[in-house]
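Here's the structure, in structure tokens; my notes come after.
Heads up: numbering here begins at 1 and tracks the sequence. Remember, it's a predicted structure, so these values are computed and weren't measured experimentally.
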Amino acid sequence: MKIEIAKLQDAPALADLFFSHLAAHPEYISHGEIQMGVGEGSVQDGRLIVRTAPDAREKWMEYIRLHLENETIARVWKALSDEGDIVGFVVADIEEDGDAPYGMVCDVLVKEDYRGHGTGDALLQTAIGWLHERGVCGIYLESGKDNHAAHRFFEKRGFTHISEIYKLAVL
């Protein structure tokens, strides 16, 4: 397995990986995907039901292009199998709307067959290292409400649950 900086020409393959994962695991959808229009959420019987939006791929391609084209404040890395296939990726950026610039790990995704072999660790550590090299101290991420496997993954790597996000449910 090899980690490389993703390029603009990788965007369709990254999207394929992202959307194949969402099809099998809608719990990945967090408030970030809902806010950018990639996901939708509705409340049924007091429970949040999430799904991809009709134009999700178009909106996600716009998001990933922005991260691929703005390398001073954002970076995308891909994990490659021994055969050269993209089997995971991580997206990180630097936000400046706080007291001091802070880092966001926007997405970490690894194909299921490659989980448990250090791919997610390598991607996450690459993003964290890049953020530290730029002087960013606070690093945050957000995860889908019911994405419990990811929550455990992040907690084992030193992240702490610090808040809850609520959205007004319009019925």
message: Using modelled atom types and a 3.5 Å cut-off, is there a donor and acceptor pairing between side-chain atoms of Asp82 and backbone atoms of Met1?
response: yes
Distance in Å, Ile3 CD1 paired with Leu123 CG, rounded so as to fall on 0.5 Å steps: 4.0 Å
task: Check step by step if salt bridge (Lys or Arg N to Asp or Glu O under 4.0 Å) holds for Arg47 and Asp146.
output: CA-CA 11 Å; Arg47 181 157 167 72; Asp146 294 321; 3.4 Å; yes
task: Determine the minimum heavy-atom distance between Ile5 and Glu71, stating which atoms define it.
output: CG2-OE2, 4.1 Å
query: According to a 4.5 Å side-chain heavy-atom criterion applied to Ile, Leu, Val, Met, Phe, Trp and Tyr, with indirect links allowed, do Ile29 and Leu141 form part of one hydrophobic cluster?
result: no
query: Is NZ or CZ of Arg157 both nearer than 6.0 Å to the six-membered ring centre of Phe159 and within 45° of the ring axis?
result: no
query: Distance from Leu124 atom CG to Ile139 atom CD1, nearest 0.5 Å?
result: 8.5 Å
message: Using only atom types and a distance under 3.5 Å, with no angle test, would you say the side chain of Gln125 pairs donor to acceptor with the backbone of Ala122?
response: no
- request: Sort and list the pairs that fulfil ring pair (Phe, Tyr, Trp, His ring centres under 6.0 Å) and have at least one residue in residues 109-138, not counting sequence neighbours.
  value: Trp77-Trp130
task: Measure the shortest side-chain to side-chain distance between Arg51 and Pro26 over non-hydrogen atoms and say whether it is less than 4.5 angstrom.
output: no
- prompt: Taking atom CG of Asp97 as the centre, does the number of heavy atoms from other residues, nucleotides or ligands within less than 6.0 Å exceed 12?
  reply: yes
message: Go through it in stages, so that I can follow the logic: the residues are Tyr63 and Asp107, the test is side chain to side chain donor-acceptor pair (under 3.5 Å), and I'd like the CA-CA distance, side-chain angles, deciding distance and then a yes or no.
response: CA-CA 11 Å; Tyr63 154 81; Asp107 285 292; 2.6 Å; yes
statement: Taken to the nearest 0.5 Å, the spacing of Asn70 CG from Ile94 CD1 works out to 11.5 Å
field: Under 3.5 Å donor-acceptor, Arg75 side chain and Ala127 backbone
entry: no
field: Asp16 CG to Ile86 CD1 distance, which is reported to the nearest 0.5 Å
entry: 9.0 Å
query: Any link between Leu8 and Ile64 through a network of hydrophobic side chains (Ile, Leu, Val, Met, Phe, Trp, Tyr) touching at under 4.5 Å?
result: yes
message: Pair Glu142, Ile165 - check side chain to side chain contact (heavy atoms under 4.5 Å, CB included), show working.
response: CA-CA 10 Å; Glu142 47 101 7; Ile165 301 289; over 6 Å; no
- prompt: Is it the case that one hydrophobic cluster holds both Phe89 and Ile128, taking links as side-chain heavy atoms less than 4.5 Å apart, direct or via other members?
  reply: no
- request: Would you give the length of the straight line joining atom OG of Ser30 to atom CD of Gln35, rounded to the nearest 0.5 angstrom?
  value: 8.0 Å
task: Supply the atom-to-atom distance Leu17 CG to Asp85 CG, rounded to the nearest 0.5 angstrom.
output: 10.5 Å
message: Check for me whether the distance between the ring centres of Phe18 and Tyr28 falls short of 6.0 Å.
response: yes
task: May I have the step-by-step check of side chain to side chain contact (heavy atoms under 4.5 Å, CB included) for Val110 and Thr119, ending in yes or no?
output: CA-CA 7 Å; Val110 175; Thr119 306; 3.9 Å; yes
Flag if over 12 foreign heavy atoms under 6.0 Å of CD, Glu4: yes
Side-chain donor/acceptor of Asp10 to backbone N/O of Lys7, under 3.5 Å: yes
- prompt: Tell me, do Pro54 and Glu40 make a side-chain contact under 4.5 Å, heavy atoms counted?
  reply: yes
Verdict with reasoning, Phe154 to Val108, per side chain to side chain contact (heavy atoms under 4.5 Å, CB included): CA-CA 10 Å; Phe154 296 128; Val108 180; 4.2 Å; yes
Expected output: side-chain Thr52 to main-chain Ala56 donor-acceptor under 3.5 Å: no
task: Could you tell me whether the side chain of Thr160 and the main chain of Ile162 form a donor-acceptor pair under 3.5 Å?
output: no
task: Flag yes if Leu131 and Phe153 sit in one hydrophobic cluster, no otherwise; membership is Ile, Leu, Val, Met, Phe, Trp, Tyr, and two members link when side-chain heavy atoms are under 4.5 Å apart.
output: yes
- prompt: Where does the angle between the aromatic ring planes of His148 and His151 fall among parallel (under 30°), tilted (30 to 60°) and perpendicular (over 60°)?
  reply: perpendicular
query: Which other residues end up in the same hydrophobic cluster as Leu66, if Ile, Leu, Val, Met, Phe, Trp and Tyr are linked when side-chain heavy atoms come under 4.5 Å apart?
result: none
query: Can you find a pair of side-chain heavy atoms, one from Glu95 and one from Met104, that are under 4.5 Å apart?
result: yes
- request: Look only at the side chain of His161 and the backbone of Ser163, and say whether a donor-acceptor pair between them is shorter than 3.5 Å.
  value: yes
